[in-house]
Amino acid sequence: MTDFADMLQGYRRFRNTGWTQQRGRWDELSEGQSPRVMVIACSDSRVDPAQIFDTSPGEIFVVRNVAALVPPFETNPGHHGVSAALEFAVQVLNVGEIVVMGHGKCGGCKAALSQELRDAPPGEGGFIHNWIDMLDEARENVISRFGDDLGRDAHRAMEQEGVKVSLANLRTFPCVRSKERNGALKLVGAFFAISDGQLHLLDQQSGEFHPATLESA
């Protein structure tokens, strides 16, 4: 199990290899960033977008949270972390694509489906429940399909419905909606299956997820 002492060893390896060997790249990044893609992913330790997509520093702008959720556009007072990051990516960095990536064995989606944290107070699961209640309507869709059989297929359906919820919520932001309409921004739905390492992409016309090809286009 990795602890912070192990992480410091990793930092030393990074300084001796990754940073030193790409010094030119880091000098460039010290002047600013210009990623073309924003990735919204889950905080789960098993699904690091930089590793899954084999990217280098500065190539993707990443936001991670429980269940890779995007809240709808709201103007009420509060601390809107995801919305602030989205605003920065779209309006300041001018990213051309936003990828929402859900994943298999997602604890947030499992809790949304089971409702196991419904009555938990803040600090004991309540914050999680209040966050994942964005999936309540999606949960109803899953329950209507699977009934009381909340096994692996239902969980997979819930995880993939979560991606669709975030894509729909992204389109409630005026800046996203207008840029998508004029072709300056593309939204992509993705799902990473931890069990087999397979990435699936959402066909937004059919609503179905299909494995990404392993061959270069």
Side-chain angles (χ1 to χ4, degrees), residues 1-2 7 10 18 35-71 81-82 85-86 89-90 93 95-114 116 128 131-135 137-139 141-142 145-146 150-171 176 180 185-217:
M1 181 66 67
T2 300
M7 292 167 63
R36 296 298 303 136
V37 180
M38 177 184 192
V39 179
I40 299 168
C42 185
S43 300
D44 193 300
S45 62
R46 300 167 292 181
V47 286
D48 178 10
Q51 183 177 37
I52 292 169
F53 295 109
D54 192 24
T55 59
S56 297
E59 291 185 332
I60 57 176
F61 184 78
V62 179
V63 172
R64 300 179 71 176
N65 61 54
V66 173
L69 291 175
V70 176
V82 176
L86 173 65
V90 173
L93 296 177
V95 298
E97 296 177 290
I98 300 176
V99 178
V100 176
M101 186 180 74
H103 70 93
K105 305 299 179 71
C106 178
C109 288
K110 178 182 177 182
L113 187 60
S114 68
E116 61 194 66
I128 299 172
W131 177 251
I132 59 177
D133 68 7
M134 284 186 272
L135 296 175
E137 186 175 339
R139 177 183 184 274
N141 294 336
V142 173
R145 290 169 56 192
F146 294 91
L150 301 183
R152 185 67 216 124
D153 289 344
H155 286 165
R156 171 69 62 97
M158 186 76 245
E159 292 153 359
Q160 295 185 344
E161 285 296 314
V163 173
K164 298 175 187 178
V165 168
S166 286
L167 289 171
N169 286 347
L170 278 171
R171 293 185 170 107
V176 171
E180 185 182 33
L185 182 65
K186 179 182 179 181
L187 304 187
V188 178
F191 174 85
F192 179 73
I194 293 175
S195 58
D196 61 10
Q198 180 75 58
L199 185 73
H200 301 254
L201 300 178
L202 174 64
D203 180 332
Q204 297 189 51
Q205 295 298 317
S206 69
E208 299 295 322
F209 284 82
H210 302 287
T213 178
L214 294 177
E215 298 179 359
S216 300

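Predicted model, so just to flag it, every value in this text is computed and none were measured.
- Between Ile52 and Met101, the closest side-chain pair of non-hydrogen atoms falls below 4.5 Å.
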Residues Gln160, Leu202; criterion side chain to side chain contact (heavy atoms under 4.5 Å, CB included); working and verdict:
CA-CA 9 Å; Gln160 295 185 344; Leu202 174 64; over 6 Å; no
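- Sorted by first then second residue, the salt bridge (charged side-chain N to carboxylate O under 4.0 Å, His left out) pairs that include residues 150-163, not counting sequence neighbours, are Arg152-Glu159, Glu161-Lys164.
- Phe61 meets the ring pair (Phe, Tyr, Trp, His ring centres under 6.0 Å) test with Phe88; sequence neighbours excluded.
- For the residue pair Ala193 and His200, the shortest heavy atom distance occurs at CB-NE2, 4.3 Å.
- Taking the salt bridge (Lys or Arg N to Asp or Glu O under 4.0 Å) definition, one finds that Arg36 meets it with nothing, sequence neighbours left out.
- Considering every non-hydrogen atom in both Ser43 and Val66, the closest pair reads OG-N, 3.8 Å.
- Between Ile40 and Ser166, the closest side-chain pair of non-hydrogen atoms is not below 4.5 Å.
- The salt bridge (Lys or Arg N to Asp or Glu O under 4.0 Å) check on Arg46 picks up Asp44, with sequence neighbours excluded.
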Side chain to side chain contact (heavy atoms under 4.5 Å, CB included) evaluation trace for Leu135 with Leu69:
CA-CA 9 Å; Leu135 296 175; Leu69 291 175; 3.7 Å; yes
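- In this structure, CZ in Arg139 is found 12.5 Å from CG in Asp133, a value given to the nearest 0.5 Å.
- Contact check for Phe53 versus Val37: no side-chain heavy atoms found under the 4.5 Å cut-off.
- A distance-only check finds no donor-acceptor pair linking the side chain of Gln204 to the backbone of Leu167 [under 3.5 Å].
- Proximity of Val62 to Asp48: side-chain heavy atoms (C-beta onward) are nowhere separated by under 4.5 Å.
- Residues Val47 and Ile194 meet the side-chain proximity criterion, which asks for heavy atoms closer than 4.5 Å.
- Of all heavy-atom pairs spanning Val163 and Val100, the tightest one is CG1-O, 3.8 Å.
- No more than 12 heavy atoms of other residues, nucleotides or ligands shown are found within 6.0 angstrom of CD on Glu137.
- Contact check for Pro71 versus Met134: side-chain heavy atoms found under the 4.5 Å cut-off.
- The side chain to side chain contact (heavy atoms under 4.5 Å, CB included) search around Ala154 returns Leu113, Val142, Phe146, Leu150, not counting sequence neighbours.
- Side-chain atoms of Pro49 and Thr55, non-hydrogen and from C-beta on, never get closer than 4.5 Å to each other.
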Carefully, step by step, assess Leu170 and Glu180 under the rule side chain to side chain contact (heavy atoms under 4.5 Å, CB included).
CA-CA 10 Å; Leu170 278 171; Glu180 185 182 33; over 6 Å; no
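- Residues satisfying the salt bridge (Lys or Arg N to Asp or Glu O under 4.0 Å) criterion with Lys110, sequence neighbours excluded, are absent altogether.
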Evaluate the side chain to side chain contact (heavy atoms under 4.5 Å, CB included) criterion for residues Val63 and Leu86: first the C-alpha distance (whole Å), next the side-chain angles of each, then the deciding distance (0.1 Å), finally the verdict.
CA-CA 8 Å; Val63 172; Leu86 173 65; over 6 Å; no
